[in-house]
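Structure first, then comments.
The structure displayed is predicted, hence computed values, not measured ones. Proteins get letters first, then strands, A, B, ... in listed order; numbering begins at 1 in each. FYI, side chains are in, hydrogens and waters are out, and symmetry mates aren't considered; it's all heavy atoms of this structure.
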Amino acid sequence: MSDILTVDSIVKQYGDFTAVKSISFKLQQGKSLAILGPNGAGKSTTLKMIYATTTPTSGRVTIRNIDVSDNPREAKRHIGVVMQDDLLDTSLNVIENMVAHAILFDMSWQSAQKKAETLLQFVGLSNYKKKEIHELSGGMRRRLVLARALVNDPELIILDEPTTGLDIQSRHVFWNRLEILQKQGVSILITSHYGDEIERLANDVLIIDHGQIIAQGVTSELPSTYGYQDIEAAYLGLTGYVEERDEIEQTVG
Amino acid sequence: MKLNKLSVNGIFHMIQRNWMSFRKLIKISIFPNLFDPILYLVAMGFGIGHFVGNISGMPYLTFVSLGLVAATGMNAANAESTTNAYIQIRLDKTYYEMNTGPINLEEIIVGQALWAGIRGTIFGTLFLLVTLMMGILHSWLALFIPIVLLITGTLFGFLGLTFTLLAPTRDYLNYFSMLIIQPMYMFSNTFFPLHAVTPWLKNIGWFSPLTHAVLLIRQLATGTLRFQSFEDLLWLILVMIVLSVIPQKIVRNRLNY
């Protein structure tokens, strides 16, 4: 199976601060990879270097063998991005937000409208296509952002904490749509704070902390490899949460 | 099709996106964009004009009306590239969202400035129609006025975007309007002829892009084009090109989300 994404020794420095310290991994076509890590660990920065809104200080990212730094325009044609914030245009309604993104991929007005209608149906928002953004609930907004990320039929979808802040029903609806995409062969790169989300969606997992990979492996095997019961326990243990808890207990007495 | 690293398609998509947003608001945009120049037209043209004779070979009402055509274009372009652009950049983060697709930030900036030019052309031309109804236009050359408005509006689009990208908060945009745009509005041949005032004011006014736009529009409307008119046109185009470089250079550093 060919690699859709190759991340080779990427580093990101902001002045004296190194946000990402030489991270490398690969993602095969049709597979899903989760990046797990505490706030400030470098997850979002890593994703930004992959979807080319920031450039690596060193190292290389390729999508379908296209160097993202050399040819971001072409690389971005293969991906869809769901960012941490919704970033919807409040001056446009639901379907207009979809069309506005679709035309960036040189789609005709008619094709963009048609594609938008199909995808709104996919995420269960076809009855809301004329609604203004402020009329949508948090869950609806996230589903709209997912639909928007699919307008170019991406081979790889990148999701940065896609279900943070959603209620349980909305999370399940969101996961269900991602599972359908997985069955269609779409590769998924996701960051998350939720163990259950990762266990459900990701074939492989990377745990990063302080800008570097501290553990990686197959999602179902990683906890036992490191001597933990599940992903969440492994994440907490490997990122030092247990030690911090002990310190607090000692302090409190 | 590519121009250096800029894609014409990318620039066009930015204009398309702004048009999608603008077409919903066009009806409610007309009043605020035309109220201000009409107010000045009544106060200066009809009010003060009653006491003033001909200026630069034309009635004062004609002089002020044609100055206000250019000023209306400038103000519309300025609003688009400051307040509206600020919302897109800092609040909705539209530029950042678009940048996840196959369009770069430089194309977004150029598209936004051109859109400011188009908006300036729309409202400047609407005010031009007001002057047409007043019987002020005397030459078919007035058909070229929208081109001057487009160049002027795009120039102010780049200027406004530069300040918007540099502004730490929205309040700083008020300083730009108050210290740069408002003085240009007043001292750019709009309400009185610069050639008749004290030299230092005349020299300062020469540097205002609006001065050259106003001169061109008056000459087109009255059919009195001269060789100097082409110098004014060239001045506007050159300044527009120079000003286009700055926001394209700073946008990546300023939009480090």
Heavy-atom neighbours of A:Lys12 NZ exceed 12 at 6.0 Å
yes
Interatomic distance, CG@A:Asn97 vs CE@B:Met20, rounded to 0.5 Å, equals 8.0 Å
Nearest heavy-atom pair of A:Ala52 and B:Asn99: which atoms, and what distance?
O-OD1, 4.4 Å
Bottom line for A:Leu88: the part with an atom under 4.5 Å from chain B's heavy atoms is backbone
Got more than 12 heavy atoms from elsewhere within 6.0 Å of CZ, A:Phe105?
yes
What's the shortest heavy-atom distance between B:Thr100 and A:Lys76, and which atoms?
O-CD, 3.6 Å
Shortest non-hydrogen separation from A:Ala100 to B:Arg17 and the atoms involved:
CB-NH1, 3.5 Å
Who among A:Val151, A:Val81, A:Asp106, A:Ile158 has the most heavy-atom pairs with chain B under 4.5 Å?
A:Asp106
Is there a donor in the side chain of A:Thr90 and an acceptor in the side chain of B:Asp92, or the other way round, less than 3.5 Å apart?
yes
If you draw a 6.0 Å radius around NE2 in A:His193, do more than 12 non-hydrogen atoms from other residues or ligands fall strictly inside?
yes
With a 4.5 Å heavy-atom cut-off, do A:Asn93 and B:Lys24 have their side chains touching?
yes
Should A:Asp89 and B:Glu97 count as side-chain neighbours, where that means a heavy-atom distance under 4.5 Å?
no
So how far is it from B:Met98 CE to A:Thr53 OG1, rounded to the nearest 0.5 Å?
14.5 Å
Taking all heavy atoms of B:Lys93 and all of A:Asp85, pick out the closest pair and write down the distance.
NZ-OD2, 4.5 Å
Crowding at CZ, B:Phe12 (>12 non-hydrogen neighbours, <6.0 Å)
no
Separation between OG of A:Ser91 and CG of B:Leu25, rounded to the nearest 0.5 Å:
7.0 Å
In this structure, are over 12 heavy atoms from other groups packed under 6.0 Å from A:Lys129 atom NZ?
no
Check the surroundings of atom CD in A:Gln121: do more than 12 heavy atoms from other residues, nucleotides or ligands lie under 6.0 Å from it?
no
